[in-house]
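Below: the structure, in structure tokens.
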Amino acid sequence: MFYSAPTTADVREKQSRGMVHIKSKTEIQRMRDAGRLAAEVLSETGLRVKAGVSTLELNDFAHELTLRRGGQSAPLNYRGFPRSICTSVNQVVCHGIPKKGEILKPGDILNIDVTVIYQGYHGDTSRMFYVPPLAEKARQLMEDTERAMWIGIDCVKPDARISEIGDAIDAYLTPRGYGIVRDLTGHGIGRNFHEEPAVPHYARSGARTRMRPGMTFTVEPMVNQGGRHDVVFNKKDGWTVTTKDGSLSAQYEHTCLVTEHGAEILTMLD
Ligand code: MF3
Ligand code: CO
Ligand code: CO
């Protein structure tokens with residue numbers, strides 16, 4: 001017997017019925033390969049972060065490397081997104097568009113978000129980088145955001161509800177005075193860049209779906225330094241999301257697989 005993977009139409013059909021696609025063994029192996037490639041591209045692109053480099057140069061490096069390794073950049077032309085990665089500097093929360101004229105300078109912090117398509121499957125991961133010298137408050141924001149992502153991932157196991165991720169993240173961040181972005185969430189991922197379920201990072205979201213082995217989704221909290229969760233969507237470029245109060249924002253993201261016992265991180269290098 002040979003296995004035939006579900007078509008995008010199958011997944012869309014499940015999505016419209018509010019069901020979450022459970023990946024087969026073959027699909028999981030492809031997700032592992034895609035996740036590894038995304039992690040490699042993110043790590044190698046991050047090595048290019050320094051003062052004087054433009055975010056477009058980071059984009060072009062990531063794009064070329066992805067192609068050389070046999071993958072494609074998922075953001076490019078996704079719902080009209082014009083570049084191959086997202087680069088979100090300082091008060092940009094997410095979906096920053098790499099630009100020739102955006103030159104990194106000392107003290108900047110930025111999120112680089114890499115999503116690749118490999119063997120028909122997506123791997124999605126992001127993390128923070130910075131140009132020294134790093135302000136103490138910015139360092140603390142990045143550290144607390146990464147910790148929050150791991151606290152969320154620690155909730156991933158069979159039978160847990162998706163809402164438990166946001167409950168745990170919120171219990172950690174809100175007492176520390178941060179604002180957790182509500183307008184954007186983690187997401188199921190596979191043959192599609194974004195599929196069911198949505199994964200909120202705030203408490204009491206009502207995301208009742210129970211995790212099952214073979215589900216794949218991202219955990220990717222966006223955290224604002226001011227206590228405010230409000231964000232502004234740039235109407236002109238259609239993409240850039242910034243904090244409403246101009247405060248710094250940080251984000252970390254991994255693609256996770258629900259296993260029989262807990263979580264396997266698909267976008268981690270050993
Ligand atoms: N990688 C982002 C995420 O984590 C999505 C970017 S959509 C794009 O879901 F079009 F901006 F690339
Ligand atoms: Co994502
Ligand atoms: Co992403």
Side-chain angles (χ1 to χ4, degrees), residues 11 15 20-21 31 34-43 45-46 55-56 58-60 62-63 66 71-89 92-99 102 110-118 121-129 145-146 148-149 152-153 156 162 165-166 169 180-201 207 215-223 231-242 249-257 263 265-268:
V11 176
Q15 243 174 278
V20 178
H21 179 61
M31 289 292 292
R36 162 162 294 276
L37 177 57
E40 288 171 355
V41 171
L42 177 59
S43 151
T45 304
T55 51
L56 187 62
L58 299 174
N59 176 86
D60 294 352
H63 182 87
T66 302
Q72 285 167 264
S73 300
L76 187 60
N77 301 322
Y78 176 78
R79 301 186 180 182
F81 192 78
R83 301 281 182 215
S84 298
I85 59 172
C86 297
T87 50
S88 302
V89 181
V92 178
V93 172
C94 65
H95 301 171
I97 302 172
K99 289 174 193 69
E102 184 175 56
L110 77 154
N111 174 280
I112 301 180
D113 193 336
V114 170
T115 312
V116 303
I117 310 173
Y118 189 70
Y121 287 80
H122 290 74
D124 186 8
T125 183
S126 83
R127 57 162 297 156
M128 299 301 294
F129 297 92
T145 302
E146 183 170 23
M149 175 194 67
I153 290 174
V156 176
I162 291 290
I165 293 171
I169 288 176
I180 303 169
V181 173
R182 303 174 70 91
D183 291 346
L184 298 127
T185 64
H187 51 92
I189 180 167
R191 214 169 238 297
N192 299 294
F193 196 159
H194 297 105
E195 50 187 62
E196 292 289 302
V199 181
H201 303 106
M215 282 185 187
T216 48
F217 54 79
T218 70
V219 177
E220 50 176 304
M222 283 146 275
V223 181
V231 298
V232 177
F233 293 84
N234 183 320
K235 290 210 182 73
K236 227 165 156 182
D237 71 16
W239 285 100
T240 312
V241 181
T242 53
S249 190
Q251 180 180 28
Y252 284 78
E253 173 177 27
H254 274 307
T255 298
C256 305
L257 164 73
I265 315 302
L266 301 179
T267 42
M268 209 156 62

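Just so you know, these numbers use all the heavy atoms, side chains as well, and skip hydrogens, waters and symmetry mates. Order of appearance sets the numbers: ligands from 1, and atoms from 1 within every ligand.
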Any [X] side-chain heavy atom under 4.5 Å of [Y] side chain:
| X | Y | value |
| --- | --- | --- |
| D113 | T115 | yes |
| P82 | I97 | yes |
| L42 | F129 | yes |

> Can you tell me if an N/O/S atom from H187 lies under 2.8 Å from the Co ion (ligand 2)?
Replying inline: yes
> How long is the gap from NE2 on H254 to CD on E220, to the nearest 0.5 Å?
Replying inline: 12.0 Å
> How long is the gap from CD1 on I117 to NE2 on H122, to the nearest 0.5 Å?
Replying inline: 3.5 Å
>> Restricting to N, O or S, what is the name of the atom of D124 that lies nearest the Co ion (ligand 2)?
In response: OD2
>> Which atom name would you report as the N, O or S atom of E220 nearest the Co ion (ligand 2)?
In response: OE2
Between the protein and ligand 1, are there any N or O atom pairs that come within less than 3.5 Å of each other, and if so, what are their names and distances?
{"residue": "ligand 1", "atom": "1 (N)", "partner": "D113", "partner atom": "OD1", "Å": "3.2"}
{"residue": "ligand 1", "atom": "1 (N)", "partner": "D113", "partner atom": "OD2", "Å": "3.1"}
{"residue": "ligand 1", "atom": "1 (N)", "partner": "T115", "partner atom": "OG1", "Å": "3.3"}
{"residue": "ligand 1", "atom": "1 (N)", "partner": "D124", "partner atom": "OD1", "Å": "3.3"}
{"residue": "ligand 1", "atom": "4 (O)", "partner": "D113", "partner atom": "OD2", "Å": "3.3"}
{"residue": "ligand 1", "atom": "4 (O)", "partner": "D124", "partner atom": "OD2", "Å": "3.1"}
{"residue": "ligand 1", "atom": "4 (O)", "partner": "E220", "partner atom": "OE1", "Å": "2.8"}
{"residue": "ligand 1", "atom": "4 (O)", "partner": "E220", "partner atom": "OE2", "Å": "3.3"}
{"residue": "ligand 1", "atom": "4 (O)", "partner": "E253", "partner atom": "OE1", "Å": "3.0"}
{"residue": "ligand 1", "atom": "4 (O)", "partner": "E253", "partner atom": "OE2", "Å": "3.1"}
{"residue": "ligand 1", "atom": "9 (O)", "partner": "H187", "partner atom": "NE2", "Å": "3.0"}
{"residue": "ligand 1", "atom": "9 (O)", "partner": "H194", "partner atom": "NE2", "Å": "2.8"}

>> Quick check on the Co ion (ligand 3): does E253 put an N/O/S atom closer than 2.8 Å to it?
In response: yes
>> I want to check a possible cation-pi pair here: R79 against F81, using under 6.0 Å from ring centre and within 45° of the ring axis as the test.
In response: no
> Taking I112 as the fixed residue, which of I85, N59, T125, T55 is the one that meets the side chain to side chain contact (heavy atoms under 4.5 Å, CB included) rule?
Replying inline: I85
> side-chain hydrogen bond (donor to acceptor under 3.5 Å, both in side chains) between H187 and D124: does it pass, once the steps are laid out?
Replying inline: CA-CA 10 Å; H187 51 92; D124 186 8; 3.0 Å; yes
